Amino acid sequence: MATKALKTEISAEDRQFNRNKWLFSVSGIGRDMSYQLIASFLLTYIQFGMTLNIAQFTTISLLIGVVGRIWDAINDPMMGAIIEGTHMKFGKFRPWILIGAVLTGTIIILMFNIQTVFKGWGFVVYMIVMYLLWETAFTMNDIGYWSMLASLSSKKEQRNSATMLTVVFAGLGAFIAQGGISFLYPGNVLKAFRWISIGVAAIFMAMQIVMVMFIRERPRSVMEVNEKVSFKQMWQTIKKNDQILWMTLSMLFYNIGSSLLVGLAYNLYYLEIGYDGQAIVFIAIFGVFNILAQVFYPKLANWLGRRKLQIISIIIACVGYLGIALIGWASWFPFNLVTLSIFGVLVFVGQALFYMASIINMTNCVEYNEYKRGERNEAVVSTLRPLMAKFADAMKYGIITLVLVVSTVYGLSQNISTVEAQKGYFDRMTVAEQVEYLGAVNGYLDMLDADPNIDIDELTQKLSADDILGGRQIGGEYLAAIGDVAIMEKTDNGNVFVTRVTDYKDGDLVEGKTYIFLLSGEINGEEFNVANVHFKAQSTLSMRLWIRAAVTVVPMLFLFAALIIQHKKFVIDEQYYDMMMTEINSRKGAQPDDGSTESAE
């Protein structure tokens with residue numbers, strides 16, 4: 001009877017774990033969608049949607065990276081200690097997951113929906129403040145979420161299953177965000193990000209609320225309930241866990257290397273292929289193969305072991321990077337969506353497999369802490385994962401800013417941001433305001449045509465002081481790009497071409513109708529793309545070399561560094577983990593679970 005009761009109890013526990021596993025992992029879709037919006041697209045939004053000079057762009061990028069990371073260094077460990085000491089009736093992790101999600105979603109909406117209030121340095125200050133608020137709120141959710149993963153189960157089969165599903169659904173969220181955003185925003189940056197931010201924030205908050213309301217936290221042991229975590233103990237835990245420190249360094253290098261291709265992908269794509277929404281094909285391939293790699297990871301790890309799989313995965317990724325570095329320099333080896341996608345598959349599959357193994361390695365450091373010090377401290381140990389990821393973001397921001405500024409790609413890209421910003425203004429004007437705006441723009445275009453050697457700084461000052469164009473942030477060097485924009489009439493049957501800005505004349509626009517700017521499309525059977533004329537066509541060999549090296553050579557160096565650190569310094573392989581769990585269970589007076597072998601990985 002006792003045996004039967006025990007089996008029933010274990011069965012109920014496993015059923016609860018399965019429910020928790022799915023609730024927890026599926027909620028990661030919304031989390032990663034919101035994270036990708038900021039991590040992958042904030043700089044893109046600023047570069048191609050806002051008209052900032054080089055000093056303003058460099059300031060906002062570096063302050064987000066540097067000041068944000070200094071705040072992280074203080075904020076993340078503090079949050080880990082706070083969570084570790086939480087003894088609320090609602091649980092240890094769930095309160096912070098919920099509070100962080102609601103605050104993060106609200107801040108994201110504010111970041112992208114007050115676009116016309118702040119300009120220039122005002123926008124720089126506003127976005128830095130909003131970023132720091134976002135980072136604080138997301139930290140609450142992020143540390144609570146990843147700390148809960150380690151507490152879902154101590155059984156290795158269950159731990160690996162939960163980890164795999166969590167990473168798979170997080171990858172699905174990243175794929176949805178990357179694909180959807182890259183498809184929607186070209187040619188309509190301000191309006192697109194306004195609605196994207198609202199949709200992403202709503203999905204994030206809804207999924208986290210559902211997870212928090214229906215998931216059940218495992219009961220805390222008497223030791224954990226009575227344990228008081230001071231900041232001194234927190235730092236002792238981090239300092240004395242050598243394995244988590246080595247993993248943190250390795251994952252720092254990995255995150256920097258793996259994020260550069262994505263961080264500069266749109267500059268690479270727009271320079272080599274063109275400014276359009278077709279990048280979604282490349283992102284779709286990234287998403288599909290990333291998820292497939294994660295799904296097949298357990299079988300591959302079981303067959304090869306984590307160490308060998310990590311070596312193979314980095315080699316695969318580096319072959320992909322070499323391919324991307326070489327395409328496009330010869331007519332027989334063109335740079336197009338097909339060749340980019342083929343080598344992109346190798347990069348994404350290799351990186352996904354390495355990341356999966358690394359996440360499991362990092363999560364196993366919780367048991368290592370329990371084995372060495374008799375304390376689990378999931379939140380404190382897990383604090384270093386998001387802290388490392390954010391420091392990697394800081395390095396990424398720094399590298400991207402350096403590359404864009406030194407290569408002069410950023411300056412050239414302001415042709416795009418100028419026409420994108422003017423579209424945002426023009427589309428919201430009344431017809432009478434549009435007529436005034438076009439008259440003013442063409443007056444300055446005539447001035448530029450009459451004197452091609454006109455002083456650009458002087459022209460910019462005149463534009464800034466103009467009664468109609470002042471505050472629109474139009475730089476003299478980017479004025480010509482506005483002249484090539486098409487004016488379209490919105491009708492029930494679609495958009496109808498009216499004229500180009502430079503060809504506009506009185507009477508073209510009629511009261512009672514709706515007119516918009518169009519940056520690319522088809523006019524009278526011919527394709528046109530303002531961004532390609534004023535960005536891709538004007539790019540230089542030097543610009544292309546800078547971008548290509550930043551997305552291929554630099555990532556390979558960081559990935560090799562990540563691999564070497566884990567290969568030389570990390571000791572918790574499958575056999576070591578079995579030994580730790582045997583010792584931990586013996587201390588508790590329990591026998592190791594028969595199903596807890598890591599071979600299921």
Side-chain angles (χ1 to χ4, degrees), residues 34-76 100 103-140 185 189-194 196-198 200-201 263 390-391 393-405 410-411 413-414 416-418 420-425 428 457 460-461 463-466 469-475 477-478:
S34 71
Y35 183 76
Q36 288 298 321
L37 176 60
I38 304 300
S40 296
F41 288 97
L42 182 59
L43 273 189
T44 302
Y45 163 74
I46 293 171
Q47 181 185 357
F48 294 105
M50 307 304 297
T51 49
L52 302 177
N53 60 39
I54 290 176
Q56 291 164 345
F57 174 75
T58 303
T59 299
I60 195 171
S61 180
L62 293 182
L63 283 183
I64 284 175
V66 177
V67 177
R69 298 300 74 81
I70 292 173
W71 175 232
D72 282 340
I74 302 169
N75 183 36
D76 282 16
L103 288 177
T104 300
T106 303
I107 292 166
I108 284 174
I109 293 173
L110 293 175
M111 288 177 82
F112 294 94
N113 282 271
I114 307 182
Q115 299 157 322
T116 58
V117 177
F118 301 100
K119 300 178 181 68
W121 287 107
F123 175 80
V124 172
V125 173
Y126 173 75
M127 189 56 75
I128 290 171
V129 171
M130 294 307 296
Y131 181 85
L132 293 176
L133 291 174
W134 168 81
E135 195 285 323
T136 303
F138 190 76
T139 293
M140 294 182 190
Y185 82 79
V189 169
L190 299 182
K191 185 177 180 180
F193 275 98
R194 184 181 300 124
I196 287 167
S197 66
I198 293 172
V200 167
K390 292 167 187 174
F391 267 100
D393 268 350
M395 296 289 290
K396 178 192 76 174
Y397 273 113
I399 293 171
I400 289 175
T401 303
L402 176 68
V403 170
L404 291 179
V405 172
Y410 177 77
S413 72
Q414 289 303 281
I416 298 178
S417 64
T418 296
E420 286 278 12
Q422 299 315 300
K423 174 178 173 56
Y425 290 126
R428 292 194 296 270
D457 291 336
T460 299
Q461 290 176 3
L463 286 163
S464 299
D466 190 273
L469 301 180
R472 305 295 188 194
Q473 292 190 289
I474 304 175
E477 64 267 50
Y478 309 118

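None of these values were measured; they are calculated from a predicted model.
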Residue pair Tyr131 / Ile60, side-chain heavy-atom distance below 4.5 Å: no
Main-chain N/O of Phe57 paired with Ser61 side-chain donor or acceptor, under 3.5 Å: no
Derivation and outcome, side-chain contact (heavy atoms from CB on, under 4.5 Å), residues Leu463 and Tyr478: CA-CA 11 Å; Leu463 286 163; Tyr478 309 118; over 6 Å; no
Closest non-hydrogen atom pair between Gln422 and Gln473, with its separation: NE2-O, 4.4 Å
Side-chain H-bond candidate by donor/acceptor type, Thr139 with Glu135, under 3.5 Å: yes
Residues Lys396, Ile399; criterion side-chain contact (heavy atoms from CB on, under 4.5 Å); working and verdict: CA-CA 5 Å; Lys396 178 192 76 174; Ile399 293 171; 5.9 Å; no
Spacing of Met127 atom CE and Tyr45 atom OH [to the nearest 0.5 Å]: 5.0 Å
Residue pair Leu37, Phe112: steps toward the side-chain contact (heavy atoms from CB on, under 4.5 Å) verdict: CA-CA 10 Å; Leu37 176 60; Phe112 294 94; 4.0 Å; yes
Residues in side chain to side chain contact (heavy atoms under 4.5 Å, CB included) contact with Ser417, at least two apart in sequence or another chain: Thr51, Gln414
Nearest-0.5 Å distance, CZ of residue Phe138 to CD1 of residue Ile108: 8.0 Å
Minimal non-hydrogen separation, Ala137 against Leu103, with atom names: CB-CB, 3.7 Å
Under the side chain to side chain contact (heavy atoms under 4.5 Å, CB included) test, residues paired with Asp466 that sit two or more places apart: Ala440, Tyr444, Ile468, Leu469
Non-hydrogen atoms of Tyr126 and Leu110 that approach each other most closely: OH-O, 2.8 Å
Minimum heavy-atom distance between Ile54 and Val405, given as atom pair plus value: CG2-CG1, 3.9 Å
